[in-house]
2 protein chains.
Amino acid sequence: MTRPLGDRIRVQFERQILSGDLPPGARLPTEQEIMARFGCSRMTVSKALSALATAGLIERRKRAGTFVARPRVHSMVLEVPDLAPLIAARGQTYAFRLDRSEELAVREGHLAGRPARHLVGVHFADRQGIAVEDRLVSLAAVPDIARADLAREAPGTWLLRHVPWTEADTRITAVGAAPQEASLLGLSPGDPCLCVERRTWRGRDPITFVRQVFRGDSYELVAHFGPGAS
Amino acid sequence: MTRPLGDRIRVQFERQILSGDLPPGARLPTEQEIMARFGCSRMTVSKALSALATAGLIERRKRAGTFVARPRVHSMVLEVPDLAPLIAARGQTYAFRLDRSEELAVREGHLAGRPARHLVGVHFADRQGIAVEDRLVSLAAVPDIARADLAREAPGTWLLRHVPWTEADTRITAVGAAPQEASLLGLSPGDPCLCVERRTWRGRDPITFVRQVFRGDSYELVAHFGPGAS
DNA sequence: AATTCAATTATGTCTATACATTAAATGGTA
DNA sequence: TACCATTTAATGTATAGACATAATTGAATT
């Protein structure tokens with residue numbers, strides 16, 4: 001039942017910092033004082049403080065002591081949900097269809113100078129087009145993509161299941177719907193859309209680049225910041 | 001010059017995992033084997049592995065061993081920078097101006113049922129309007145807001161410096177510029193804009209609610225996921 | 001064959017100690 | 001006063017050992 005001592009120490013300071021009891025810049029007790037207060041060894045205190053330091057809540061300076069960090073740029077956690085379950089949760093039926101207007105829209109392309117498969121398709125919720133997707137998948141990194149049944153499963157979902165990535169960059173902008181996108185989504189050209197561009201890597205090898213254009217009136221991204229672990 | 005031993009151990013496995021040398025699900029050597037290989041004590045190995053575990057790269061199971069985690073990554077880190085330094089970095093001059101059209105645009109409002117100050121203003125880069133901001137600041141949580149010189153400093157910047165928050169929810173959508181917003185930003189009504197709505201709390205007390213509408217053609221959000229520390 | 005129970009093995013936490021590292025504080029000297 | 005070397009108080013890293021905890025394995029029992 002009782003949590004590890006190190007955790008208790010960490011949580012105590014976490015609370016004091018988040019409540020504002022210990023304001024930014026405030027000095028924490030020295031490790032000696034803390035180990036005396038909790039009746040434990042210094043390693044235990046040090047590990048607890050190290051955890052807070054890597055979490056960015058405190059800053060440790062030799063000889064000077066340990067201080068509550070001053071919040072700088074705020075980074076928050078952005079949820080990047082898979083579309084299918086998201087739409088299902090809204091009580092709608094999800095579908096993905098490759099755009100067949102250009103011979104199945106499976107063509108060749110290039111990703112970071114290497115050959116890649118080029119896929120264009122549309123995400124649907126109850127027959128309503130929700131997003132247009134334009135994707136490049138590296139053939140070197142993902143040879144299996146040739147055998148995947150992409151008529152049924154969205155390429156993103158398939159990739160997530162088959163080729164876990166380790167690094168990703170995402171760029172979020174607002175754009176006006178291009179004429180082709182507008183017709184696929186049932187909009188007028190120029191209507192506001194949320195554009196999400198993402199590159200993913202596994203180690204140093206590029207996996208995929210995708211540009212998704214969402215109807216502005218039916219999609220939103222949600223980010224949260226808060227004391228994650230407790 | 002030589003890095004701490006624990007770091008070397010951590011970096012070695014980091015590389016093997018990110019390169020795919022150790023694929024997801026693979027088992028790492030036991031702590032005993034690692035300490036034998038590096039000629040160090042078990043605590044050192046354990047600390048290195050703990051760091052990798054909190055970073056989410058590996059998963060440790062008692063009795064079974066340590067395994068490379070399967071990246072089930074639906075969330076990434078979104079940087080929410082302060083506008084002023086961002087624009088300065090682009091070589092432009094930043095300014096914030098309260099909208100004076102409605103008696104300084106400082107009025108009363110309500111935030112979560114409590115009295116709040118209501119501020120409307122525009123962010124500028126080189127005299128060009130970049131974003132319209134509509135903000136409520138709780139008077140109970142931030143009484144000092146009454147004395148703040150908000151003509152010069154943007155309320156967001158002021159708040160960040162004076163009232164660090166501990167929790168925030170952000171909602172990102174694409175909208176068409178409303179007529180008033182369009183005229184403030186030099187756009188036509190309906191032009192695509194990125195809308196960021198954020199609520200922040202300190203503990204349980206609501207601090208502020210802000211709705212920012214950015215010109216779609218000159219602002220973007222960037223999110224990143226990856227092995228943070230190296 | 002199914003179930004229960006105990007042994008084993010790996011990680012999880014903690015102690016007490018040692019020495020290294022760094023930057024603030026001190027004090028002497030020009 | 002200004003400068004520079006020295007001291008020193010704090011964190012940083014590491015060790016070797018101890019016991020705790022949990023899950024798998026395998027043996028004993030039903």
Side-chain angles (χ1 to χ4, degrees), chain A residues 1-17 22-70 228-230, chain B residues 1-17 22-72 228-230:
Chain A
M1 195 64 227
T2 55
R3 296 230 291 213
L5 188 46
D7 281 9
R8 286 211 300 272
I9 298 175
R10 179 174 55 75
V11 166
Q12 196 223 274
F13 285 112
E14 238 171 40
R15 263 213 305 267
Q16 292 192 351
I17 292 168
L22 281 171
R27 188 183 159 159
L28 272 65
T30 67
E31 297 187 351
Q32 297 294 335
E33 290 169 313
I34 298 172
M35 63 185 273
R37 186 194 303 171
F38 284 86
C40 66
S41 80
R42 209 190 123 215
M43 269 302 299
T44 305
V45 173
S46 180
K47 261 188 65 180
L49 294 185
S50 292
L52 289 173
T54 57
L57 251 68
I58 63 173
E59 211 172 290
R60 312 179 79 185
R61 292 210 305 279
K62 286 176 186 161
R63 171 67 224 250
T66 304
F67 302 85
V68 179
R70 303 178 182 280
S230 63
Chain B
M1 196 62 226
T2 54
R3 295 225 293 207
L5 188 46
D7 281 8
R8 285 211 300 272
I9 297 175
R10 179 173 57 73
V11 167
Q12 196 224 272
F13 285 112
E14 240 172 40
R15 264 213 305 265
Q16 292 191 351
I17 292 169
L22 281 171
R27 187 181 160 160
L28 272 65
T30 67
E31 298 187 351
Q32 296 294 336
E33 290 169 313
I34 298 173
M35 62 187 272
R37 187 193 304 171
F38 283 86
C40 66
S41 79
R42 208 190 124 214
M43 269 300 297
T44 305
V45 174
S46 181
K47 264 187 61 179
L49 294 185
S50 291
L52 289 173
T54 57
L57 252 68
I58 64 174
E59 208 174 292
R60 311 178 80 185
R61 292 210 304 279
K62 284 175 188 166
R63 170 67 222 249
T66 304
F67 301 84
V68 180
R70 303 176 184 279
R72 38 157 188 76
S230 63

Could you state the atom-to-atom distance from NZ of A:Lys62 to P of C:dA25 in whole Å? 17 Å
Separation of D:dG12 P from A:Arg42 CZ (nearest whole Å): 8 Å
Interatomic distance where CD belongs to A:Gln32 and C1' belongs to C:dA16 [whole Å]: 12 Å
In whole Å, what is the span from the CD atom of A:Glu59 to the C1' atom of D:dA10? 15 Å
Evaluate the side-chain proximity of A:Phe38 to A:Val45: yes if any heavy-atom separation is below 4.5 Å, no if none is. no
Taking the side chain as every heavy atom from C-beta outward, state whether A:Arg60 and A:Ser46 have any atom pair closer than 4.5 Å. yes
The side chain of B:Arg63 is closest to which nucleotide in this list: C:dT13, C:dA18, D:dT25? D:dT25
Atom OG1 in B:Thr66, atom CZ in B:Arg27: separation rounded to 0.5 Å? 7.5 Å
For side-chain contact (heavy atoms from CB on, under 4.5 Å), just list the numbers for A:Leu5 and A:Arg8, CA-CA rounded to whole Å, side-chain angles, deciding distance to a tenth of an Å, and then say yes or no. CA-CA 5 Å; A:Leu5 188 46; A:Arg8 286 211 300 272; 3.5 Å; yes
Which part of the nucleic acid does B:Thr66 contact within heavy-atom distance under 4.0 Å: base, sugar-phosphate only, or nothing? sugar-phosphate
Figure out the CG/P separation between A:Asp7 and D:dA20, and round it to whole Å. 18 Å
Qualifying residue, where the test is side-chain contact (heavy atoms from CB on, under 4.5 Å) with B:Gln16 and the options are B:Val68, B:Leu22, B:Leu28: B:Leu22
Using heavy atoms to find the nearest nucleotide of DNA chain C for B:Leu49 and B:Met43 separately, return the residue whose nucleotide is more 5′. B:Leu49
Should A:Arg60 be listed as having a side-chain N or O under 4.0 Å from OP1 or OP2 of D:dA10? no
In whole angstrom, what separates A:Arg27's CZ from D:dA9's P? 12 Å
Under-4.0 Å side-chain N/O to phosphate OP1/OP2 contact, A:Thr44 with C:dT15: yes
Any base atoms under 4.0 Å from A:Ser46, or only sugar-phosphate, or nothing? Heavy atoms, all strands. base
Distance in angstrom units between A:Arg8 CZ and C:dC14 C1', rounded: 12 Å
Just how far, in rounded Å, is P of D:dT25 from CZ of B:Arg61? 11 Å
